[in-house]
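These notes concern the structure reproduced below.
Quick note on labels: first sequence line is chain A, next is B, and so on, each numbered from 1. Since the model is a prediction, treat every value here as computed from it, not as a measurement.
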Number of protein chains: 2
Amino acid sequence: IDEDARRRAEERQTRLTKPLGSLGQLETLATRLAGMQGSDTPRADTVHISIFAGDHGVAAEGISRFPQSVTMEMVRNFVRGGAGISVLARSIDARLEVINLGTVEETGPLEGVTDVRIGPGTANFVQGPAMDLHQLALAMNAGRHAAERARLAGTEVYLAGEMGIGNTTAAAAVACALMGAEPEELVGPGTGLDDAGVRHKAEVLRRALDLHRGHMDEPVECLRRVGGFEIAAMSGAYLACAQMGMPVLVDGFISSVSALATARICPSARDWFLFAHTSAEPGHRRVLEALSARPLLDLGMRLGEASGAATAVPLLRLACDIHGRMATFDEAQVAEAL
Amino acid sequence: IDEDARRRAEERQTRLTKPLGSLGQLETLATRLAGMQGSDTPRADTVHISIFAGDHGVAAEGISRFPQSVTMEMVRNFVRGGAGISVLARSIDARLEVINLGTVEETGPLEGVTDVRIGPGTANFVQGPAMDLHQLALAMNAGRHAAERARLAGTEVYLAGEMGIGNTTAAAAVACALMGAEPEELVGPGTGLDDAGVRHKAEVLRRALDLHRGHMDEPVECLRRVGGFEIAAMSGAYLACAQMGMPVLVDGFISSVSALATARICPSARDWFLFAHTSAEPGHRRVLEALSARPLLDLGMRLGEASGAATAVPLLRLACDIHGRMATFDEAQVAEAL
């Protein structure tokens, strides 16, 4: 973080023709981006969205209302333009890349999908680790490579999202392990479980945590044992962003769990994270607290796919426009406070 | 409100490729706009912003940190492009109109300002009514005319904002009268008073409410006795919007007080209001409660000038894009929930 650029930005905010602080988080967004980008004119025009897709062995435990085939069906929907994030990416003029890390169902080559399938989903982590070490490395590197491609393409703000039937279960497992929390604190309805479904999901989580207990002191090992391909990939992407100095706009529950794992692997990575929204998935608030995050939006969204992050992108752009384009008291010949 | 169009929109939301409800307020925004616009393809592309400016006699009581000359200086800043709302209007491609209802300082004709000066500010409402009946009618009609011009220009969503040194005091007075609240419940720092300043402002408010007590049963009379030119104009504009069927995106504390007065004058007008944000001005939450409003943003903004409403416009547009452009489960051949 370029602390000089950040201080210059803060000083500029005091001279713009408005009461100091009266634009709230739009002011701090601009000053944080100025620090991250080392620039007096922070920008969020060039936005890259990586969607990481993968299936989960734990789906065999009946923890989702949707069949696993939906993961692959949604991958097709992403690139054909019909999914929520497809529409949002076009509307905000962001580049959208879909990375298939391992769906159960294969397709042939699909225009617009980067195919790095590691396997037909992870293993069921109620019976053993979700991944072996090689698979974990492949997943984290796939994320790193996505972030590097985005950087090379001149990305000013990076977004990651996910698709994977069962992944709120995996994300809750990782979060429980990282935070020392109980399943009941972090489990939620995901795509729409009823109360009995949520109780069953908590029970599955408890069995998983019991199985892996004593082996999850390291965040990377948590990702391997109870994470998922897409969750590990997002952690790899976020780590790379922090190392390259590329601002990240974090999406919802699952992305935030990846961000938390990243911050546990490398605490200073946290400085590169902006948080888009508070998800309706109940565990998200706890994960945000663990990250000391203050998100921009709270619209009751819980779709994933980077949809909450994409929705917050216009706020970053408006913050940058205000910072760069408002007149100062001197320029506008407006009297300051008495 | 076209209830058939709203129901069709709600039905369409159930068929889009996402778990039902997973886009939260983006879904309800689209369905409410569909009902207001009587359209299967609600839109928020053409946005009109009216900024109403006026000065306040109560400024003589020392209730603001800024001199009254700032009202006129900011009017100039609006049309020269240097103010917060000037930048935001350009960024969201909205039409911005500035209406001078009565600043203390005169200018000659100013390119881009509609000059309908009623007087050099209102009278000091600690000593008598802020306006006479003729002045109130002029102010409310100026608002009505602004909304009518916007309608003729094809506006899909209408925003009003205000500028006037002292107007958080007038807005708090109107809100106290409408809600039967005490000054301490609705008073706040405005452009940046310290604690002693806020206490003094509450004392001024109490003197005003004592003077006018027993004469403020009618909302229009509240506006006349303790309101302001721009507060009355926004109420006139909002009334006209409801009558013409034009959706309104309400800004912050002062705009919401105008909206509350409008809803007290004509309760069904409330159906045409969307609420953009919760202001950092503490009284706003109470006023929003009185309107049963659930705003979109809570970013700690407190600038006025329609800045909060302008910041929320991209959310309306994204909601409309999602509603119109996402694929249905059938179209995308994605399996629905089991």
Side-chain angles (χ1 to χ4, degrees), chain A residues 16-26 28 64-67 69-70 73-74 76-77 80-84 86-88 90-92 190-192 280 296-305 307 310-311 313-315 317-318 321-322 324-328 331-338, chain B residues 16-26 28 64-67 69-70 73-74 76-77 80-84 86-88 90-92 190-192 280 296-305 307 310-311 313-315 317-318 321-322 324-328 331-338:
Chain A
L16 299 177
T17 47
K18 56 179 172 54
L20 182 60
S22 63
L23 287 176
Q25 280 182 275
L26 294 186
T28 47
S64 178
R65 291 181 67 209
F66 284 86
S69 61
V70 166
E73 288 161 4
M74 285 301 296
R76 279 200 205 93
N77 198 22
R80 287 180 184 164
S86 319
V87 173
L88 290 167
R90 284 200 301 278
S91 294
I92 66 169
T191 52
L296 295 165
L297 295 171
D298 187 0
L299 295 172
M301 297 173 72
R302 53 176 173 81
L303 177 58
E305 308 177 2
S307 58
T311 301
V313 164
L315 301 181
R317 290 176 176 165
L318 292 177
D321 287 350
I322 282 170
R325 297 174 189 173
M326 267 185 78
T328 62
E331 286 164 0
Q333 295 179 287
V334 172
E336 298 195 49
L338 300 172
Chain B
L16 300 177
T17 46
K18 56 180 173 53
L20 181 60
S22 63
L23 287 176
Q25 283 182 272
L26 295 186
T28 48
S64 178
R65 290 181 68 209
F66 285 86
S69 62
V70 165
E73 287 161 5
M74 285 302 294
R76 279 199 204 92
N77 198 22
R80 286 180 184 164
S86 320
V87 173
L88 290 167
R90 282 199 303 277
S91 294
I92 65 168
T191 51
L296 295 165
L297 296 171
D298 188 359
L299 296 172
M301 298 172 71
R302 52 178 172 80
L303 177 56
E305 305 176 2
S307 58
T311 301
V313 164
L315 301 180
R317 290 176 176 165
L318 293 176
D321 287 350
I322 281 169
R325 297 175 189 171
M326 268 185 77
T328 62
E331 286 165 359
Q333 296 180 286
V334 171
E336 298 195 48
L338 300 172

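The choice from A:Met301, A:Arg317, A:Gln333, A:Glu331 that makes the most heavy-atom pairs within less than 4.5 Å of chain B is A:Met301. Put simply, of A:Val87, A:Leu296, A:Leu26, the one with the most heavy-atom pairs under 4.5 Å next to chain B is A:Val87. Contact count against chain A (heavy-atom pairs under 4.5 Å) is highest for B:Leu88 among B:Leu297, B:Leu88, B:Val313, B:Thr328. Among the candidates B:Gly190, B:Ser22, B:Gly324, the residue making the largest number of heavy-atom pairs closer than 4.5 Å to chain A is B:Ser22.
Looking at A:Ser307, the atoms closer than 4.5 Å to chain B (heavy atoms on both sides) all sit in the side chain, from C-beta outward. Both the backbone and the side chain of B:Ile322 have a heavy atom closer than 4.5 Å to some heavy atom of chain A. Heavy atoms of A:Leu315 lying under 4.5 Å from chain B belong exclusively to its side chain. Residue contact with chain B, scored on non-hydrogen atoms closer than 4.5 Å, involves the backbone of A:Leu20 exclusively. Both the backbone and the side chain of B:Asp321 come within contact range of chain A, each with at least one heavy atom under 4.5 Å from a heavy atom of that chain. Heavy atoms of A:Ala335 lying under 4.5 Å from chain B belong to its backbone as well as its side chain. Within the 4.5 angstrom heavy-atom criterion, only side-chain atoms of A:Arg90, from C-beta onward, approach chain B.
Of all heavy-atom pairs spanning A:Glu73 and B:Val334, the tightest one is OE1-CA, 3.4 Å. A:Pro19 and B:Arg302 make their closest contact through CB-NH1, 4.0 Å (heavy atoms, listed as atom of the first residue, atom of the second, distance). Residue A:Thr17 comes nearest to B:Ala83 through the heavy atom pair OG1-CA, 4.1 Å, listed as atom of the first residue, atom of the second, then distance.
Using a 4.5 Å heavy-atom cutoff, the side chains of A:Glu305 and B:Lys18 are not in contact. Annotation: side chain of B:Ile92 is in contact with side chain of A:Leu318 (closest heavy-atom distance under 4.5 Å).
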For side chain to side chain contact (heavy atoms under 4.5 Å, CB included), just list the numbers for A:Asp298 and B:Asp298, CA-CA rounded to whole Å, side-chain angles, deciding distance to a tenth of an Å, and then say yes or no.
CA-CA 8 Å; A:Asp298 187 0; B:Asp298 188 359; over 6 Å; no
